[in-house]
Amino acid sequence: MRKRPTNVDTVSDAIANDKEQPWKELGLKQDEYQEIKTILGRRPTSSELAMYSVMWSEHCSYKSSKIYLRQFGEKVTPAMKKDLMVGMGENAGVVDIGEGLAVTFKVESHNHPSYIEPFQGAATGVGGIVRDILTMGARPIAVMDQLRFGAPSDPDTARVVHGVTSGISFYGNCLGLPNIGGETVFDKVYQGNPLVNALAVGVMKHEDLKLAKASNPGDLVILFGARTGGDGIGGVSVLASETFDSTGPTKRPAVQVGDPFAEKVLIECCLELFYAGVVAGIQDLGGAGISCATSELASNGGKGMKVQLQNVLLRDDSLTPEEILMSESQERMMAIVPTKDLKAFKAIVTKWEVEYSVLGEVIDEDRLYINWGEQEIVNVPPRTVAHDGPVYHRPVEYPKYQDALNANSSKTLLRASAPAELAKQILAIVTSPNQADKSWITAQYDRYVMGNTALSMPDDAGMIRVSEETGLGITLATDANGKYCQLDPYHGAQLALAEAYRNVAVTGAKPKAVTNCLNFGSPENPEVMWQFKEATAGLADACMELGVPVTGGNVSFYNQTGDVAIYPTPVVGVLGVIDNVARRIPSGWQDEGNNIYLLGTTKDELDGSAWAETIHGHLGGKPPVVDLASEKKLADLIHGAAIQGMIEAAHDISEGGLAIAIVEAALRFNVGARIWLDEVLERDNLDLTAALFSESQARVIVSVGREDDVKFQALCEARGVPVLRIGVTDKASGLIEIKDLASFELNEVRKGWASTLPELFG
Amino acid sequence: MKIGVITYPGTLDDRDAQRAIRLAGGTPVPLWHADSDIKKVDAVVLPGGFSYGDYLRCGAIAAQAPATQEVVRLAAQGLPVLGICNGFQILVESRLLPGGLIRNEHQHFICRDQRIRVENTSTAWTNLFEQDEEITIPLKNAEGGYIASAETLKMLEAENRVVFRYLDVNPNGSMNDIAGLTNERGNVVGLMPHPEHATEAGFGPDTDIATRSGVDGLKFFQSVLKALVNA
Amino acid sequence: MPKIIVEIMPKQDLLDPPGKAVANALKRSGHNDIVNVRIGKRIELHFDRPITQADLDSAGRVAASFLSNDVIEDVVAITKED
Amino acid sequence: MPKIIVEIMPKQDLLDPPGKAVANALKRSGHNDIVNVRIGKRIELHFDRPITQADLDSAGRVAASFLSNDVIEDVVAITKED
Ligand SMILES: Nc1ncnc2c1ncn2[C@@H]1O[C@H](COP(=O)(O)OP(=O)(O)O)[C@@H](O)[C@H]1O
Ligand SMILES: [Mg+2]
């Protein structure tokens with residue numbers, strides 16, 4: 001047995017003697033360290049230093065992004081707030097979806113850990129976001145994952161791809177949460193900085209809503225779940241080596257290992273605790289562990305706390321108090337429990353074989369006291385740790401490369417006119433890693449568990465039934481296009497929102513709320529800060545225009561290697577509501593002889609497109625024009641038509657343009673079509689390249705039964721949505737026939753489309 | 001008819017199994033792993049999931065649970081038992097069914113709509129199928145590769161105890177394409193694919209007619225109700 | 001810390017997919033002399049006191065009945081380390 | 001058959017979920033003296049000829065770089081058996 005350390009730095013030591021402290025190694029700036037001394041009127045103890053340094057880090061304090069994130073709360077109308085039960089700032093936003101039910105959802109990054117140890121990094125990413133949802137009082141009901149990898153040809157990419165997908169698969173599947181969608185993008189800008197974002201969604205009755213606060217003096221502070229171990233605290237080793245004698249552990253591992261089984265049990269246990277009404281406040285332990293949970297619960301409740309740190313159940317007795325405060329061991333929760341409910345609490349955790357320990361109690365004083373045995377090691381105002389961290393106004397600078405990048409338009413690229421050449425380009429794009437079938441990844445995810453999945457991959461959005469009685473359901477889609485954002489972060493972020501909004505709309509659901517995960521380079525680079533400022537402004541403005549509020553999100557900075565940052569990648573998730581999932585619209589054609597319509601108009605917009613990338617290896621110019629008014633009209637139209645049961649299938653047009661949308665709609669159920677483009681070419685004044693590959697926004701292809709033909713066209717006209725019949729479905733032929741251009745055997749196309757990822761990654 | 005569904009720590013598809021029983025016309029009864037009282041149910045389903053995280057070997061820890069032990073005892077007396085996926089693994093670890101289930105040949109978890117053939121329609125859980133009927137139900141596992149010694153395989157084939165066989169693709173490297181088995185008496189059936197996920201139109205596998213409209217799994221649960229009525 | 005180490009391997013004549021995958025990967029990277037790879041488990045049972053013969057006997061029983069499944073695996077070694 | 005045996009364990013400070021689950025199961029069945037369980041791998045590399053020192057050296061490199069992941073695991077032993 002390793003021995004419990006006794007030689008600790010106490011508050012009286014700190015009062016008695018000033019000394020050199022490793023604030024720099026812990027990532028604090030000189031003035032931040034000074035600020036801590038001013039707050040306390042003395043130097044911090046090493047435990048206090050551990051707490052402040054981790055809570056004031058970029059990751060926990062949002063110090064560089066705070067001033068920009070405010071606009072998500074400010075650029076809102078009363079109508080947008082109407083159904084928002086909990087907005088920005090809590091663990092996750094909560095939206096009223098009717099029938100007494102509420103939904104909570106959030107997307108979060110686990111980028112850096114997933115590069116170091118892809119399997120555990122991605123796995124614990126899923127675990128962390130699911131606990132955020134659980135903390136709100138909700139039962140988690142689905143997950144999604146948004147992935148960006150380096151170039152498929154790079155030797156390191158396979159390591160990351162295999163690790164990340166199996167980590168997500170392992171953790172999500174073991175939790176019994178259906179994976180209902182996500183994104184997979186390959187680009188060399190993500191080589192040393194893969195992005196692993198995970199989204200979770202949960203549902204609860206209104207009255208089950210829980211908040212992370214400790215407001216009643218006398219209530220008990222209880223830590224439960226997994227034991228606290230030495231994982232994920234590589235950084236505090238500097239403190240450990242200072243305060244601990246030489247026989248102790250020197251370097252703790254920087255990674256954490258996840259145990260989905262423990263989390264599954266924790267979920268069921270927590271839900272039982274919630275329903276029993278024995279929990280007054282609850283907080284999950286993620287980044288910054290106990291430091292975060294104690295200070296946030298106390299600060300949110302406007303109260304204080306007294307904690308005995310030696311009561312924490314450990315996997316390893318040699319952990320120092322600083323390490324215990326900062327450990328990021330997974331699958332732990334902190335509950336605030338009224339004394340009278342302790343017995344009931346105990347009975348429930350015992351049933352689930354979950355360990356717990358009472359750490360202390362809530363006190364009526366604005367102070368967080370933490371003791372190590374008899375010795376006081378922390379004595380701070382909780383707000384100063386949790387909420388009053390530094391706020392930066394970082395310098396912002398328009399990038400030097402930006403004008404040249406925008407001037408380098410795709411207009412100069414060679415366009416094919418020969419049908420055979422265009423047909424070849426279609427196939428090249430369909431089989432490119434970014435447009436190819438993602439089943440190699442998605443087949444590793446359970447989409448059936450819980451029996452409520454109404455739509456999942458490869459449809460445009462995921463859909464889950466939340467009420468078995470009424471069929472009430474929710475839809476979720478996430479999108480981000482880093483290339484568009486590199487060309488123009490303001491509009492790029494809006495395009496991400498527009499696409500996710502459209503993907504939700506094509507399922508027949510009504511878009512309702514937004515979450516986001518903003519993945520950027522270093523905030524210390526003024527050009528990155530400019531991208532961040534633009535992207536957040538663009539997103540907030542667009543949310544206002546579409547009338548969908550941002551309910552929460554996450555920021556991930558420092559995604560860069562040396563001076564080279566990733567493309568700005570603001571992942572935007574849109575939540576929609578559908579009053580009966582039986583009315584859902586799939587993305588693929590299934591019936592014979594249905595009419596295929598193109599909704600919206602096409603412009604010659606090939607800058608930043610899949611065509612420019614795949615055929616010419618080109619990125620430059622300006623992204624497609626954002627047209628939120630048309631997006632809204634389109635969404636309303638589809639919703640209206642869906643209620644009348646007019647639409648058989650709907651698929652949004654995005655990367656790769658109309659050509660790829662047609663191929664995907666055909667491959668879904670192996671139903672071909674005869675397509676003609678002459679009217680599009682003429683109406684929109686396009687050449688074939690633009691008609692096939694332009695990525696103009698606010699466009700969808702839908703298939704409609706012949707009997708509804710007149711009614712549907714009239715509906716489009718009445719709502720001012722441009723509509724053009726471009727084909728009919730053809731079940732028997734097994735072909736996609738594009739008039740005057742080419743005829744594609746579906747089986748052949750599928751072979752190429754489906755084999756890309758397996759050939760790359762085995 | 002009361003059909004018990006055991007929940008172990010880490011069980012995931014218990015609610016789905018209960019729903020399937022309800023849709024088939026039975027009464028689901030939730031059972032708890034730690035409780036050896038299985039409430040006089042007429043049949044038991046061991047549902048899918050990752051009992052105890054599937055650490056050590058899938059189903060090994062769950063096989064020791066008091067409720068499992070009771071099921072083992074009653075199965076010998078003819079209690080109909082269906083083990084789905086992790087439930088199948090538990091049956092194998094409890095020695096109610098022979099052989100073992102190991103890591104998939106391709107090393108990945110796989111979730112797909114799987115076509116299988118029903119080759120034995122005399123069991124408690126398959127009596128409503130036609131001989132050699134081909135059905136589609138979801139499959140989702142990482143450790144579904146069926147292995148057994150050559151003698152065991154020979155015996156299983158000779159005694160017609162292979163109840164389900166994979167069609168089109170063998171998704172996990174199972175010997176003889178085995179997807180599911182029965183015991184000598186025909187009351188205990190285990191299979192890797194998930195019939196309970198193909199019992200409600202709208203939430204099952206895709207069919208040629210409509211998205212997610214496959215309900216081929218319903219007959220498993222209707223079969224046992226029929227077997228119980230006739231018993 | 002005193003421990004008993006139980007080593008378990010998949011049965012010789014049965015499939016071992018992870019072993020096969022590793023063998024193939026090794027072959028691809030030029031290790032042609034390795035003709036086969038098998039992957040089993042090494043389970044450490046820790047004690048906070050010296051280990052007795054009774055502990056070893058009991059570990060043997062647990063290894064045979066629970067830690068391994070004799071339909072598909074063999075216990076190949078049980079050793080102690082102080 | 002000559003073989004090299006590589007033994008790999010999860011790093012001491014890291015959580016070992018399988019070990020924890022087995023330890024709990026053993027506790028439930030009355031094995032209270034086992035305070036902890038860790039589960040690692042035993043990998044056998046088979047050769048169809050006698051094993052040389054060069055093989056052992058090469059196995060050491062493969063063990064460190066490919067068979068184990070040094071972020072979360074340690075190679076605890078490399079032995080040969082003829
Ligand atoms: N990493 C992933 N995890 C889960 N689902 C994914 C992932 N990547 C792609 N998908 C799913 O695969 C399908 C096709 O993806 P994609 O081509 O990116 O869709 P879209 O055409 O809407 O951009 C979608 O249903 C998407 O949700
Ligand atoms: Mg889409």
Side-chain angles (χ1 to χ4, degrees), chain C residues 1-10 12 16 18-52 54-63 65-68 73-81, chain D residues 1-10 12 16 18-52 54-63 65-68 73-81:
Chain C
M1 177 164 272
K3 50 187 142 195
I4 295 177
I5 299 159
V6 177
E7 296 178 67
I8 297 168
M9 294 303 290
Q12 198 71 60
D16 170 22
K20 203 171 94 189
V22 169
N24 289 338
L26 288 176
K27 238 163 238 146
R28 273 195 303 275
S29 61
H31 295 85
N32 295 313
D33 288 354
I34 298 172
V35 294
N36 196 8
V37 177
R38 310 283 294 172
I39 302 187
K41 293 190 194 109
R42 181 183 194 276
I43 304 180
E44 294 184 357
L45 309 175
H46 295 197
F47 291 74
D48 54 6
R49 52 161 181 76
I51 288 160
T52 63
D55 292 331
L56 276 168
D57 296 344
S58 141
R61 283 190 300 273
V62 172
S65 65
F66 171 59
L67 298 178
S68 74
E73 297 169 319
D74 292 318
V75 178
V76 296
I78 298 181
T79 49
K80 76 168 185 167
E81 209 178 284
Chain D
M1 176 162 269
K3 51 188 140 193
I4 294 178
I5 298 158
V6 177
E7 295 179 69
I8 296 168
M9 294 301 292
Q12 237 211 329
D16 169 22
K20 195 174 88 184
V22 169
N24 289 338
L26 288 176
K27 240 165 237 149
R28 273 194 303 274
S29 60
H31 296 84
N32 293 313
D33 287 355
I34 298 172
V35 294
N36 197 7
V37 176
R38 309 282 293 175
I39 303 187
K41 291 192 199 110
R42 181 182 194 277
I43 304 181
E44 293 184 358
L45 310 174
H46 295 198
F47 291 73
D48 53 5
R49 54 162 180 74
I51 287 160
T52 65
D55 293 330
L56 275 167
D57 295 346
S58 143
R61 284 189 299 271
V62 171
S65 64
F66 171 62
L67 298 178
S68 74
E73 295 170 321
D74 292 319
V75 178
V76 297
I78 299 182
T79 48
K80 75 170 183 166
E81 208 176 286

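Numbered from 1 within each chain, the chains take letters A, B, ... in sequence-line order. Note that the structure is predicted; figures quoted are calculated from it, not measured. The analysis underlying the following values was restricted to heavy atoms, covering all of them including side chains, and did not include hydrogens, waters or symmetry mates.
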Please list, in residue-number order, every residue in residues 21-30 of chain D that has a heavy atom less than 4.5 Å from any heavy atom of chain C; write 'none' if there are none.
->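 Within residues 21-30 of chain D, the residues that come under 4.5 Å of chain C (heavy atoms only) are D:V22, D:A25, D:L26.
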Distance from [X] atom [atom1] to [Y] atom [atom2], nearest 0.5 Å?
X	Y	atom1	atom2	value
C:R38	D:K3	CZ	NZ	9.5 Å
C:I34	D:D55	CD1	CG	8.0 Å
C:I39	D:E44	CD1	CD	10.5 Å
C:L45	D:H31	CG	NE2	9.0 Å

For a quick test of reading the model, state the closest non-hydrogen atom pair linking [X] to [Y] and the distance between them.
X	Y	answer
D:R42	C:K41	CB-O, 3.9 Å
C:F47	D:D33	CD2-O, 3.5 Å
D:H46	C:Q12	CE1-NE2, 4.2 Å

Contact leader toward chain C among D:G19, D:G40, D:P18, where contacts are heavy-atom pairs under 4.5 Å |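 Most heavy-atom pairs under 4.5 Å with chain C: D:G40.
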Measure distances from C:L67 to the heavy atoms of chain D and classify the residue's part below 4.5 Å as side chain, backbone, both or neither.
->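 Contact with chain D is through the side chain of C:L67 alone.
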Contacting moiety of C:V6, where chain D heavy atoms sit under 4.5 Å =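 Contact with chain D: none, neither part.
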